[in-house]
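Everything below concerns the one structure shown next.
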Amino acid sequence: TQKNVKLMMRLLDMAKAETVLDPFMGSGSTGVAAVKTGRNFIGIERDPKHYADALARITNELRQGNLFLGHNQKLADA
């Protein structure tokens with residue numbers, strides 16, 4: 001199923017976990033949410049196309065870093 005990144009971020013914040021495991025990674029929404037919330041991520045995907053897409057999304061997210069520092073954090077949470 002498709003997973004909304006903002007929803008996954010909210011769920012991860014409720015879980016308070018340091019490491020997130022997604023055994024059906026798909027396009028990597030949970031991985032992106034893990035990066036955005038400062039968590040470690042382990043993703044498993046058997047479809048090579050989905051794995052490549054997820055790897056690209058998560059790598060891109062890691063490159064961007066946190067664009068909402070300090071006073072801008074409230075805008076990111078909205």
> So which heavy atom on Ala54 is nearest to which on Gly26, and how close?
Replying inline: CB-O, 3.5 Å
> Honestly curious: do Phe24 and Leu12 fall in one hydrophobic cluster under the side-chain, below-4.5 Å linking rule?
Replying inline: no
> Is it true that Leu62 and Met9 fall in one hydrophobic cluster, defined by side-chain heavy atoms closer than 4.5 Å?
Replying inline: yes
> What distance separates Lys16 NZ from Thr37 OG1, expressed to the nearest 0.5 Å?
Replying inline: 11.0 Å
> Between Ile42 and Asp22, is any pair of side-chain heavy atoms under 4.5 Å apart?
Replying inline: no
>> Are Leu55 and Met8 connected into the same hydrophobic cluster when the rule is that any two of I, L, V, M, F, W, Y join if their side-chain heavy atoms are below 4.5 Å apart?
In response: no
> When Ile58 is tested against each of Thr30, Val35, Asp53 for side chain to side chain contact (heavy atoms under 4.5 Å, CB included), which residue passes?
Replying inline: Val35
> Taking all atoms of both residues into account, what is the closest heavy-atom pair of Asn4 and Lys6, and its distance?
Replying inline: OD1-N, 2.8 Å
> What pair of heavy atoms forms the shortest contact from Ala34 to Phe41, and how long is it?
Replying inline: CB-CB, 3.9 Å
> Taking all non-hydrogen atoms of both residues, which atom of Arg57 and which atom of Ser29 are closest, and how far apart?
Replying inline: NH1-OG, 3.1 Å
> If we only count heavy atoms from C-beta on, is the Ile44 to Met25 side-chain gap below 4.5 Å?
Replying inline: no
>> Less than 4.0 angstrom from a charged side-chain N to a carboxylate O is my criterion; do Asp13 and Arg39 meet it?
In response: yes
